[in-house]
Amino acid sequence: MSTQDAARIADFEEHRPRMFGIAYRMLGSAAEAEDTVQDAWLRWSSGDRDDIEHPGAWLAKAVTHLCLNRLGSARVRREEYVGPWLPEPVLTGDGALGPLESAEQRDSISMALLVLLEQLTPVERAVYVLREAFAYGHREIAGLLDLTEANCRQLYRRAAGRVAAPRPRFAPDPAQWKSLVETFLTAARDGDLARLESMLTADVQYVADGGGIVGAARRPILGRDKVARFLVGALRKYATGLPVSLAEVNGEPALLFGGTAVLQVEIENGLVCGLRSVVNPEKLEFLQRQLSHS
């Protein structure tokens, strides 16, 4: 390998985590994010790099535009998707999606926000992700998207207004959420409805993504009583005998059921306010690879 080739690879690998982070937030799919980064590599490895002064900026621009190209077809697929659509879950305890030291950083990869981002146009989403998750300035974003700075500011204001629904900002203390989630799981498995309901907010919502491939609720389940009863029945029917482990998924606590299901637990003021279950096997492939390497 030549020195030039080695430098080319080193530059790309240095910026790979950020590229993956941008692509995942743009697409909500780890598999598509990996494919997008690979497409960026093909452009990077085959192009003339003599006039590239800042590799990080060039690669961020390439990935962002590749994501914009993908989002059109992705929207069509999601309109035809069977049942609720949720992002692919990603284990984040190892920094797979970048640092999550602040509430804003955690929020940028939460399933709740990624679902809300589906409301945005592709360009609005790009501006919002680059600004909120990676703290790019509007002038930098304008350069990445080939827009004017004023246009970027307008797009950001519009996007921020459309996803401004209040969301819990829960920076989990591992010991605290582990205890809470373990108690929650025990109550659900024991069929202790009274205790389980006492741990849920009145307006708790359960959403499941099976993609029509495996059995899952086709519509969200709303309310403390209905969610508690559904959980007790579902665990008895589907989770008996499965090993269960705790993990951090998309910046929030989650239960992993033998690698075949992920149940993310959203917590607000010490109560469970939302539950998101991903059982579509195609959406669990990336997480399963993460588990195999841990």
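These numbers come from a predicted model, not from an experiment.
Neither Met111 nor Leu97 shares a network with the other; the hydrophobic side chains, linked directly or stepwise wherever heavy atoms of I, L, V, M, F, W or Y lie under 4.5 Å apart, form separate groups for each. In the hydrophobic clustering of this structure, Val262 groups with Leu291; members are Ile, Leu, Val, Met, Phe, Trp, Tyr whose side-chain heavy atoms approach within less than 4.5 Å, directly or through other members. Using a 4.5 Å cut-off between side-chain heavy atoms of Ile, Leu, Val, Met, Phe, Trp and Tyr, with links allowed through other members, Leu113 and Val90 fall into the same hydrophobic cluster. Cluster annotation: Val244 is not connected to Leu287 through the hydrophobic network of ILVMFWY side chains, with a link wherever side-chain heavy atoms come within less than 4.5 Å. In the hydrophobic clustering of this structure, Val181 groups with Leu242; members are Ile, Leu, Val, Met, Phe, Trp, Tyr whose side-chain heavy atoms approach within less than 4.5 Å, directly or through other members.
Between Ala188 and Val232 the shortest heavy-atom distance is O-CG2, 3.7 Å. Looking at every heavy atom in both residues, Val279 comes nearest to Gly210 through CG2-CA, 3.7 Å. The two atoms that bring Thr121 and Arg162 nearest to each other are N-NH1, 4.3 Å, heavy atoms only. Of all heavy-atom pairs between Gly259 and Leu284, the closest is O-CD1, 3.9 Å. Taking each heavy atom of Glu197 and Ala228 in turn, the nearest pair found is CG-CB, 3.6 Å. Of all heavy-atom pairs between Gly137 and Glu140, the closest is N-OE1, 2.8 Å.
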Could you go step by step and tell me if Tyr156 and Ile141 meet the side-chain contact (heavy atoms from CB on, under 4.5 Å) rule? CA-CA 10 Å; Tyr156 174 75; Ile141 296 172; over 6 Å; no
Give the intermediate values and the outcome of side-chain contact (heavy atoms from CB on, under 4.5 Å) for residues Leu256 and Val249. CA-CA 9 Å; Leu256 310 182; Val249 172; 4.2 Å; yes
After noting the C-alpha distance and the side-chain angles of Leu231 and Leu275, does the key distance pass the side-chain contact (heavy atoms from CB on, under 4.5 Å) rule? CA-CA 10 Å; Leu231 286 172; Leu275 295 152; 3.6 Å; yes
Stepwise side-chain contact (heavy atoms from CB on, under 4.5 Å) check, Phe12 with Met19: CA-CA 9 Å; Phe12 187 86; Met19 286 188 288; 3.5 Å; yes
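Not one N or O on the side chain of His138 forms a donor-acceptor pair closer than 3.5 Å with the backbone of Thr148. At distances below 3.5 Å, at least one donor-acceptor pair connects side-chain atoms of Gln290 with backbone N or O atoms of Leu91. Here the side chain of Arg224 pairs a donor or acceptor atom with the backbone of Leu200 at under 3.5 angstrom. A distance-only check finds no donor-acceptor pair linking the side chain of Glu124 to the backbone of Ala159 [under 3.5 Å].
Counting heavy atoms from C-beta outward, His15 and Trp58 have side chains that stay 4.5 Å or more apart. Side-chain atoms of Gln38 and Trp41, non-hydrogen and from C-beta on, do get closer than 4.5 Å to each other. Two residues are said to be in side-chain contact when any heavy atoms from C-beta on lie closer than 4.5 Å; Thr36 and Met26 fail this criterion. When side chains are defined from C-beta on, Val272 does not count as touching Val227, because their heavy atoms never get closer than 4.5 Å. With a 4.5 Å cut-off on side-chain heavy atoms, Leu86 and Val115 count as touching. Residues Leu114 and Asn250 have side chains in contact (heavy-atom distance under 4.5 Å, counting atoms from C-beta outward). The closest side-chain heavy-atom distance from Trp44 to Asp11 is below 4.5 Å. Looking at heavy atoms from C-beta onward, Leu116 lies out of side-chain contact with Tyr128 at the 4.5 angstrom threshold.
With rounding to the nearest 0.5 Å, the separation of CG in Leu185 from CD in Glu182 is 8.0 Å. We find the CG-CD1 distance between Leu180 and Ile267 to be 4.5 Å, quoted to the nearest 0.5 Å. Rounded to the nearest 0.5 angstrom, Arg77 CZ and Ser29 OG are separated by 8.0 Å. In this structure, Ser198 OG and Asp192 CG are separated by 8.0 Å, a value rounded to the nearest 0.5 Å. The structure places CG of Leu117 at 10.5 Å from CG of Leu71, a figure rounded to the nearest 0.5 Å. Atoms CG and CG, from Asp190 and Leu196 in turn, are 10.5 Å apart once rounded to the nearest 0.5 Å.
Remark: Glu282 CD is loosely packed, at most 12 non-hydrogen atoms of other residues, nucleotides or ligands lying under 6.0 Å away. Within 6.0 Å of CZ in Arg195 there are 12 or fewer heavy atoms belonging to other residues, nucleotides or ligands.
Ring pair Phe20/Phe286 is parallel by interplanar angle, where below 30° counts as parallel and above 60° as perpendicular. Ring orientation note: the planes of Tyr206 and Phe230 are tilted relative to one another, at an angle of 30° to 60°.
Note on Asp39 versus Arg43: no salt bridge recorded, every NZ/NE/NH1/NH2 to OD/OE distance being 4.0 Å or above. Using a cut-off of 4.0 Å between Lys/Arg side-chain N and Asp/Glu carboxylate O, Arg25 and Glu132 are scored as not salt-bridged. A salt bridge does not link Arg276 with Asp209: none of the charged nitrogens is closer than 4.0 Å to a carboxylate oxygen. A salt bridge links Glu149 to Arg139: at least one charged side-chain nitrogen sits closer than 4.0 Å to a carboxylate oxygen.
Residues Glu88 and Tyr24 have side chains that never bring a donor and an acceptor to within less than 3.5 angstrom of each other.
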